[in-house]
Amino acid sequence: MYHLSFISMKKTIFAGLLLMATAQSANAQKVVLHMAGNQKFECNVSQLDSITFEDDGFIVIDEHEWVDLGLPSGTLWATCNVGANSPEEYGDYFAWGETEPKYNYNYWSNYTYCNGTNKMTKYCTDSFWGYDGFTDTLTELLPEDDAATVNWGSSWQMPSVEQFQELINNSYTTTKWTTQNGKNGRLITSKSNNNSIFLPAAGSRVETRTNDGCGCYWSRSLYTGSCTHADYLYFSSGDYIRLDITQRFIGHTVRPVRIKTR
């Protein structure tokens, strides 16, 4: 599950820290581990006997966990939504191409990439949908417009349509509507290694209303058939899960992905 180079690096760093702590014990009497969510764990240097790394199916890099589902593409899926601290938390909602959550997803009036109407000023391949005939060649979000990249760093991005299709392909995974720590959502489990991720049914936001009870997760892919729309993953209770399209101003949640490095 772990990449040896990653573990070796972490062990080296930890070993160095321990040696420094021991060598400077006259000045530093404790080790402090700073955790996500502003939590920390500390203990006296004299209490440390050893440090081990144990594989629980999750990997932590840059304070964000990911899971290897053994997918053919090598895509690695984060365990939490952007803005969440646990798999069950909904996290933040984003309009497609926007990188900050907002209070009011007020149709086109406050959407970044239009002029207050449904005429686009970026990510538009059809002049009919472009403001004053505007077009560009962009069909996937650039890093600066990707909520995962901007909020989590350059190793992360929003999933493409192809990555979502692979995630819910029953040749590779099983999906199950379930409840985890009091939150409804969908558990997606790998057929190759039995690792899984939980996607909470966080729904969507229009104006100031949250319509939960279903899952709505943005992809980074523009729907070129109508440039006012983008592709997203939708699911509800039972076995209902599919790729769909919706208008870009709507607030949806984001589950980041990264590519496995070998």
key: Mutual orientation of the aromatic rings belonging to Trp77 and Phe164 [parallel < 30°, tilted 30-60°, perpendicular > 60°]   = tilted
request  = Give, for atom OG of Ser160 and atom CG of Leu141, the distance between the pair rounded to the nearest 0.5 Å.
outcome  = 11.0 Å
ask   = If you round to the nearest 0.5 Å, how far is CD of Glu140 from OG of Ser219?
value = 8.0 Å
key: 4.5 Å side-chain heavy-atom contact, Ile250 and His252   = yes
message = With side-chain contact (heavy atoms from CB on, under 4.5 Å) as the criterion, how do Tyr123 and Leu142 come out once you've worked through the C-alpha distance, each side chain's angles and the decisive distance to 0.1 Å?
response = CA-CA 10 Å; Tyr123 302 103; Leu142 297 174; 3.6 Å; yes
Transitive ILVMFWY side-chain link Ile241 to Val257, under 4.5 Å = yes
task = Check whether the side chains of Thr208 and Asn104 place a donor and an acceptor atom closer than 3.5 Å, and report yes or no.
result = no
Where Cys80 and Ala84 come nearest, the two heavy atoms and their spacing = CB-O, 4.1 Å
message = Quick one, Thr117 with Asn115, criterion side chain to side chain donor-acceptor pair (under 3.5 Å). Give me CA distance, side-chain angles, the key distance, then yes/no.
response = CA-CA 6 Å; Thr117 70; Asn115 67 334; 2.7 Å; yes
inquiry  = Between Glu88 and Pro200 (side chain of the first, backbone of the second, donor and acceptor by atom type, cut-off under 3.5 Å), is there such a pair?
reply    = no
Validation row: Cys114, Lys119 side chains within 4.5 angstrom (heavy atoms) = no
ask   = Any side-chain donor paired with an acceptor under 3.5 Å for Tyr107 and Asn118?
value = no
key: Separation between OG1 of Thr189 and CG of Asn194, rounded to the nearest 0.5 Å   = 6.5 Å
query = Of all heavy-atom pairs between Lys102 and Asn110, which one has the smallest distance, and what is that distance?
reply = NZ-O, 2.9 Å
key: Candidates Val254, Asp146, Thr253 - the one meeting side chain to side chain contact (heavy atoms under 4.5 Å, CB included) with Phe94   = Val254
message = Let me check something: do Trp218 and Tyr223 share a hydrophobic cluster, defined by ILVMFWY side-chain heavy atoms less than 4.5 Å apart, either directly or through other members?
response = no
Using residues 228-240 as the side-chain source, report each donor-acceptor pair under 3.5 Å to any protein atom, sequence neighbours left out, with the distance given to one decimal.
unit_1	atom_1	unit_2	atom_2	d
Thr228	OG1	Ser226	OG	3.2
Tyr240	OH	Arg242	NH1	2.0

query = What is the distance from atom CG of Asn81 to atom CG of Asp92, rounded to the nearest 0.5 Å?
reply = 9.0 Å
ask   = Between Thr139 and Ser221, is any pair of side-chain heavy atoms under 4.5 Å apart?
value = no
request  = Determine whether Val82 and Met158 make a side-chain contact, defined as any pair of heavy atoms from C-beta on separated by less than 4.5 Å.
outcome  = no
message = Between Tyr103 and Glu207, does the side-chain contact (heavy atoms from CB on, under 4.5 Å) criterion hold? Intermediate values first, please.
response = CA-CA 8 Å; Tyr103 174 70; Glu207 295 184 318; over 6 Å; no
key: CA sep, side-chain torsions, deciding dist, call: Thr149, Gln157, side chain to side chain donor-acceptor pair (under 3.5 Å)   = CA-CA 5 Å; Thr149 306; Gln157 60 184 172; 5.5 Å; no
message = With a 4.5 Å cut-off on side-chain heavy atoms, are Trp96 and Tyr111 touching?
response = yes
key: Derivation of the side-chain contact (heavy atoms from CB on, under 4.5 Å) call for Arg186 and Thr178   = CA-CA 6 Å; Arg186 189 162 293 277; Thr178 188; over 6 Å; no
Single-linkage hydrophobic cluster, 4.5 Å side-chain cutoff, Leu187 and Ile197 together = no
inquiry  = Show the nearest heavy-atom pair for residues Gly203 and Cys216, with the distance to one decimal.
reply    = O-CB, 3.5 Å
ask   = Any chance the side chains of Gln163 and Thr75 put a donor and an acceptor closer than 3.5 Å?
value = yes
request  = Would you indicate whether the side-chain heavy atoms of Leu69 and Leu167 approach each other to under 4.5 Å?
outcome  = yes
query = Which heavy-atom pair separates Ala201 from Trp177 by the least distance, and what is that distance?
reply = CB-CH2, 3.7 Å
Donor-acceptor pair between Tyr113 and Asp145 side chains, under 3.5 angstrom = yes
ask   = Checking Thr173 side chain against Asn170 main chain: does a donor-acceptor pair fall under 3.5 Å?
value = no
Heavy-atom donor-acceptor pair, Ser190 side chain to Asn193 backbone, under 3.5 Å = yes
task = Inspect the surroundings of NZ in Lys176 and state if more than 12 heavy atoms from other residues, nucleotides or ligands are less than 6.0 Å away.
result = no
Let me check something: any side-chain donor-acceptor pairs from residues 124-132 under 3.5 Å, sequence neighbours excluded? List them with distances.
unit_1	atom_1	unit_2	atom_2	d
Asp126	OD1	Phe128	N	2.9

ask   = If you measure from NZ on Lys122 to CG on Asp136, what distance do you get to the nearest 0.5 Å?
value = 8.0 Å
request  = Give a yes or no on this: more than 12 heavy atoms of other residues, nucleotides or ligands lie within 6.0 Å of atom CD of Glu100.
outcome  = no
key: Inter-residue atom distance Ser204.OG - Gln247.CD, 0.5 Å rounding   = 11.5 Å
ask   = Heavy-atom distance under 4.5 Å between the side chains of His64 and Pro256, does that happen here?
value = no
note = Shortest non-hydrogen pair, Trp156 vs Glu65, comes out as CH2-O, 4.1 Å
key: Check against side-chain contact (heavy atoms from CB on, under 4.5 Å), Tyr90 and Lys183   = CA-CA 9 Å; Tyr90 290 172; Lys183 296 292 186 179; 4.3 Å; yes
task = Check whether Leu71 and Leu199 end up in the same hydrophobic cluster, where Ile, Leu, Val, Met, Phe, Trp and Tyr are linked by side-chain heavy atoms less than 4.5 Å apart.
result = yes
key: Within-4.5 Å side-chain heavy-atom neighbours: Trp66 and Thr79   = no
Connected via hydrophobic side-chain network under 4.5 Å: Phe134 and Leu222 = no
note = For Arg255 and Phe198, the nearest pair of non-hydrogen atoms, with its separation, is NH2-O, 2.9 Å
